[in-house]
Amino acid sequence: MSTPIRPNVLNMTPYVPGRPIDEVKQELGLDRVIKLASNENPFGPSPKAVEALKQAVGDLHLYPDGATAALKKALSAKFDIGEESLVLGNGSDELIHLLGLVFLGHPSDEVIVGEPSFIRYDASAELAACHLVRVPLDRDLAYDLKAFSDAVTDHTRLVFLANPNNPTGGIVGRTDLAHFLKDLPRAVTLVLDEAYYEFAADDPEYPSSLEFIREGYNVIGLRTFSKAYGLAGIRLGYGFASPRVADAFNRAREPFNVNSLAQIAGIAALSDDEHVRTTVQMNSEERRRMAEQLTGHGARVFPSWGNFLFADFGRPSKPIYEALLAQGVIVRPGSAFGKPSFLRISIGTPEENTAFVTALDRAVTAVV
Ligand SMILES: *Cc1c(COP(=O)(O)O)cnc(C)c1O
């Protein structure tokens, strides 16, 4: 007999990422493939980060700084928060895993997530073999914070809220969030996943997790270098928490969970405001254009504060997804989020977006 595997692990579904460019090229024999499926920065990483990495590769025989001191110092200065409130991870995905390890342990513990929202939250509850409570978004695909409040019980430990939400792109405003937090029992921690923070930060109604952490609420903010900073491949995420929670993360994490290249690239990228600013500006112009084009092709497009759009075609989107793929354009099918009539489309460079629109034109005429 083999060693038994925990049933909660066997019940987990492996994550299905956006299709890699090379795989699609090979499979379909295409020369040019455009990936608008994983909300990456289409303009690439900060040139400052690239330069710093070139200097750093000769030191790869050495272990990374396990305390990530220099990166913490840079983050602390940028966000005006004490280093004892910072947590760092191998992408914010790792921090989401750690949240389960740090907060969940009893089978009766409950975790609340929006539906649809970022799929990786489920894993933190599933690994801990505790209850995952899904609260559907409202008819306009906005978070229903009243329903979230109603779902909280004495067993609730974590509430995950992506702001902006992925895949829908919507945000929860400051007033609504403050109201929700006032009623939240002290034993519950609200995780504000701000992976798309930089894209939404210009909106005066958009709150930062830091505001609530400074006021002493049980809030953890998660950020990443994978989206606006263009460093998805290097795996670097960070978070803001109370010193007590940050200390718990520090105990539970692997000793070298942030590799040396990630630390060096992160510091350089943080100093490159220009790269983030042009990324965000291009994104908002192109997002407007893409929304118009999608609407013109019969889709209902939901307002987005991120670098992607969630579009409802009002009929199964799989044939459209496949017709786009056949033309070398990878998007994300809505079925991945339980919304089979939707596509999630990342905003690319102007050229990529134009190629998407051309392909969409053919895709929708081919399938109707
Ligand atoms: C992309 C994304 C992440 C993951 O970021 P990594 O730092 O690459 O692990 C986390 N949350 C949301 C909502 C995302 O869309």
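First listed ligand is number 1; within each ligand, the first listed atom is number 1.
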Tell me whether [X] is salt-bridged to [Y], with the criterion being a basic N under 4.0 Å from an acidic carboxylate O.
X    : Y    : answer
D183 : K146 : no
R288 : E292 : no
R235 : D93  : yes
E51  : K48  : no

side-chain hydrogen bond (donor to acceptor under 3.5 Å, both in side chains) between N218 and T189, worked out:
CA-CA 5 Å; N218 289 340; T189 293; 4.8 Å; no
Which ILVMFWY residues can you reach from M12 by hopping between side chains whose heavy atoms are under 4.5 Å apart?
I5, V9, L10, L127
Using a cut-off of under 3.5 Å, which N/O atoms of ligand 1 pair up with protein N/O atoms, and what distance separates each pair?
residue	atom	partner	partner atom	Å
ligand 1	5 (O)	S92	OG	3.1
ligand 1	7 (O)	S92	N	2.7
ligand 1	7 (O)	S92	OG	3.0
ligand 1	7 (O)	T224	OG1	2.5
ligand 1	7 (O)	S226	OG	3.4
ligand 1	8 (O)	S226	OG	2.6
ligand 1	8 (O)	R235	NH1	2.8
ligand 1	8 (O)	R235	NH2	3.3
ligand 1	9 (O)	S92	N	3.1
ligand 1	9 (O)	D93	N	2.9
ligand 1	9 (O)	D93	OD2	3.3
ligand 1	9 (O)	R235	NH2	2.8
ligand 1	11 (N)	D193	OD1	3.3
ligand 1	11 (N)	D193	OD2	2.6
ligand 1	15 (O)	N166	ND2	2.8
ligand 1	15 (O)	Y196	OH	2.6
ligand 1	15 (O)	K227	NZ	3.0

